[in-house]
Amino acid sequence: MSRDHVEPVERSVSDAEAAVRGAEPAPGVPGGLTGGAEAPFLELLARGASAEAYERPVLLARAEGLPAERITALEQAKLLALRVRSELEGRRRREAELSALFETAHDLAGLRDVDAVLQAIVQRARSLLGTDVAYLSLNDPVRGDTYMRVTEGSVAARFQQLRLGMGEGLGGLVAQTARPYVTDDYFRDDRFRHTMTIDAGVHDEGLVAILGVPLMLGANVIGVLFAADRRARVFEREQIALLGSFAALAAAAIDTANLLTETRAALAGLERANEIIQDRSAVIERASDVHDRLAELVLRGGGVHDVAAAVSQVLAGAVQFTEAGAAPAGALETSRAEGHAVRHEDDWIAAVAAGGELLGALVLRGHPGLDPVDQRTLERAAMVTSLLLLARRSAAEAEQRVRGELLDDLLDARDRDPRILRERASRLRADLDATHVVLAARLEADAADADQEAAARRRLWSAASHLAATRHGLAAARDGGTVLLLPLAPGDSATELAHRTARHLGTAVHEAVTVGASAPVQGPAAHPDAVVAAYEEGRRCVEALRLLGRCGDGAAADDFGFLGLLLAGDRDVAGFVERTIGEVLAYDERRGTDLVRTLDAYFACGMSPARTKDDLHVHVNTVAQRLERVARLLGEDWQSPARALEIQLALRLQRLAVRIPS
């Protein structure tokens with residue numbers, strides 16, 4: 001019986017004294033026995049008294065001087081009662097053991113977590129054997145030793161992490177021989193091979209008496225179940241047998257868990273195989289779907305972005321078409337060389353190439369795990385994209401040639417019928433009756449050889465043709481550069497158009513492009529001579545920009561001040577005068593002032609206000625006020641050398657009212 005269930009000795013002694021003195025019988029005790037020698041001991045049995053309490057009735061009888069026959073009867077009754085008590089305790093202990101074994105077997109029948117079952121076995125073994133510690137170790141076939149798996153009552157970390165070699169310590173000997181071993185004092189027992197590591201762990205835990213029984217699966221030892229106390233103790237045969245029964249249940253739990261693990265692994269394998277089959281089927285269906293979609297796109301003339309959108313839906317990811325320069329160079333080159341999609345970080349890159357030319361790439365974003373069939377789908381989409389790009393390029397080149405031929409006819413064949421020119425332009429979505437600007441464009445980079453120069457000019461012509469197509473204009477390669485005829489939007493100017501065109505073409509060809517713009521041309525179809533003159537004006541602007549060190553920029557003749565008179569084809573003197581001093585002229589006309597005459601005198605007097613007031617016969621403050629008004633009209637920099645030169649030229653042209661010959 002467990003020590004936790006022992007009644008206090010004092011209560012049992014009091015009961016015995018009452019019985020000896022002939023007290024009233026306890027409830028449930030037959031009255032005929034109260035006067036006999038058995039009565040006090042029956043009372044003690046009924047109370048569940050401790051073994052020491054059974055000596056008290058005999059001692060009391062002797063102290064009271066009862067007859068020897070009475071004392072002898074009490075001695076015999078005591079011995080009989082102790083045997084009965086021992087038998088009852090044994091029955092209760094066996095009932096508790098059987099109950100624990102039954103509960104453990106029940107846990108094993110519903111096994112879900114082998115660790116939980118092993119923990120329960122160790123806990124019950126410790127409780128029934130009444131030991132301080134119980135623990136279980138398992139053999140490691142790979143390392144050839146046995147290691148701690150479950151402990152109950154242990155407090156030392158080093159002990160809980162022990163590994164025992166075969167034959168080392170008590171546990172190692174049990175694991176090696178498949179026989180139970182017990183010791184009442186481990187450190188004084190020479191039967192076991194002591195090691196520093198094992199002894200240190202046992203010492204940390206403070207264990208003295210240890211019992212170990214093997215865990216058997218058939219003829220194989222898979223581990224050891226232990227019960228141990230921190231004081232000297234002799235384990236009885238029944239306790240050894242009980243621990244052996246728990247060990248058998250633990251071995252069955254481990255075997256069942258292993259079988260369940262294998263079964264689950266097999267089921268998982270079957271489920272995985274089924275998933276793979278389903279995935280293969282889904283992938284094949286997706287491949288068929290994308291094939292049908294791509295074929296439909298090609299037949300109805302879809303574009304590269306339509307292909308990317310279709311593949312995005314099939315692969316359930318974001319697929320984009322990018323230019324070759326925007327894709328990772330290493331992955332793109334590998335894909336082009338191998339002809340397969342290549343993974344780059346979390347993306348997949350499929351080169352879009354035709355022959356030896358790299359046209360771009362299809363990029364699948366954020367999709368690191370790509371199925372081989374899906375990878376092939378991406379590669380097939382890249383192939384379709386290259387075909388579409390080649391077809392689009394062929395169509396674009398044909399349109400570029402047509403646009404170039406029309407512009408060449410405007411520049412060279414000035415006797416063409418305007419009606420025919422308009423019809424040809426309308427098929428290209430161009431309106432030759434609108435206001436246009438002629439722009440001359442030239443590359444500024446020096447080519448290493450003739451082939452590179454020709455390639456650069458082709459890139460410039462291609463970029464200009466694309467710009468002309470998007471702006472509903474015309475473009476042609478001419479005189480080592482490119483000429484464009486672009487419509488001028490309301491509110492726009494030739495200067496702004498030249499600037500934008502220079503930036504656009506430079507970005508497209510990755511080189512500096514200088515652009516010169518003509519003055520606006522009204523209705524090019526009806527005025528081919530104006531187109532020719534405008535082209536020459538644009539070329540002169542290009543040369544002026546280069547001479548002024550403004551390569552890669554864009555400008556019109558109006559941007560060069562009085563130099564524009566030399567660059568412009570029609571020598572627009574009136575326009576120059578208006579742009580330069582028009583505000584002053586208008587002010588004099590509205591107010592009746594003499595600002596123009598004051599400016600003439602001011603420049604004639606060497607820009608001296610004092611001499612100017614003498615020439616005009618006015619006060620010097622009047623001169624100063626007039627010059628302040630001029631500054632507000634022309635800007636604060638009107639006296640800078642360049643502006644002053646232009647203003648003086650405009651004053652002379654206005655005064656002479658003549659036009660410079662062209």
Side-chain angles (χ1 to χ4, degrees), residues 400-428 430-443 457 460-461 464-465 467-469 471-489 492-498 501-502 505 513-547 554-560 563-576 659-662:
Q400 289 171 2
R401 285 194 297 271
V402 173
R403 290 181 184 275
E405 290 170 356
L406 178 55
L407 184 53
D408 284 336
D409 288 345
L410 282 172
L411 294 172
D412 297 333
R414 282 168 277 180
D415 56 349
R416 291 294 179 95
D417 186 348
R419 181 180 57 82
I420 296 176
L421 293 175
R422 292 189 186 95
E423 290 177 357
R424 291 170 59 187
S426 66
R427 288 195 290 270
L428 298 171
D431 182 9
L432 293 185
D433 289 325
T435 301
H436 284 67
V437 173
V438 179
L439 302 109
R442 185 178 294 274
L443 285 168
R457 289 180 179 178
L460 177 60
W461 173 70
S465 298
L467 177 61
R471 290 292 307 276
H472 306 297
L474 304 176
R478 198 173 185 87
D479 300 323
T482 301
V483 57
L484 297 94
L485 181 67
L486 298 181
L488 187 65
D492 202 358
S493 68
T495 298
E496 294 173 350
L497 183 58
T501 303
L505 295 181
V513 178
T514 305
V515 176
S518 71
V521 178
Q522 299 288 339
H527 304 91
D529 290 337
V531 176
V532 175
Y535 173 54
E536 294 301 326
E537 181 179 336
R539 291 181 62 193
R540 288 196 295 271
C541 287
V542 169
E543 294 302 325
L545 286 170
R546 299 176 73 180
L547 289 173
D558 291 347
D559 301 320
F560 295 97
L563 290 177
L565 294 176
L566 304 177
L567 299 174
D570 57 359
R571 303 292 194 270
D572 184 13
V573 174
F576 172 73
R659 188 181 296 274
I660 298 177
S662 58

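Since the structure is predicted, the reported quantities are computational estimates derived from the model, not experimental observations. Any value given below was found using the heavy atoms of this structure, including those in side chains, with hydrogens, waters and symmetry copies removed. Counting begins at 1 with the first residue of the sequence.
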Notebook entry, point to check: Looking only at heavy atoms, which two atoms of A517 and L439 are closest? And how far apart?
Noted result: CB-CD2, 4.0 Å
Note to self: For a quick test of reading the model, state the closest non-hydrogen atom pair linking P524 to V531 and the distance between them.
What the structure shows: CB-CG2, 3.7 Å
Check: Does the side-chain contact (heavy atoms from CB on, under 4.5 Å) test come out yes or no for R471 and L497, once each step is laid out?
Finding: CA-CA 11 Å; R471 290 292 307 276; L497 183 58; 3.6 Å; yes
Checklist line | Rounded distance (nearest 0.5 Å) linking atom CG of D479 with atom CZ of R442 | finding: 7.5 Å
Next item on the list: Identify the heavy atoms of A556 and T495 that sit nearest to each other, and give their distance.
Entry: CB-OG1, 3.7 Å
Next item on the list: Mind listing the closest non-hydrogen atom pair of A534 and S518 along with its distance?
Entry: O-CB, 3.2 Å
Margin query: If I take atom CG from residue L505 and atom CG from residue L443, how far apart are they, to the nearest 0.5 angstrom?
Written below: 9.0 Å
Next item on the list: Report yes if the side chains of L485 and L432 come closer than 4.5 Å at any heavy-atom pair, otherwise no.
Entry: yes
Next item on the list: Answer yes or no: is there a side-chain heavy-atom contact under 4.5 Å between D433 and R422?
Entry: yes
Next item on the list: Quick one: pull up NE2 in H436 and CG in L486 and give me the separation to the nearest 0.5 Å.
Entry: 7.5 Å
Next item on the list: Nearest 0.5 Å please: distance from the CG atom of D431 over to the OG atom of S426.
Entry: 9.0 Å
Next item on the list: Quick one: closest heavy-atom pair of T435 and P520, and the distance?
Entry: CG2-CB, 3.7 Å
Next item on the list: Measure across L484 and A441 and return the closest heavy-atom pair with its distance rounded to 0.1 Å.
Entry: CD1-CB, 4.3 Å
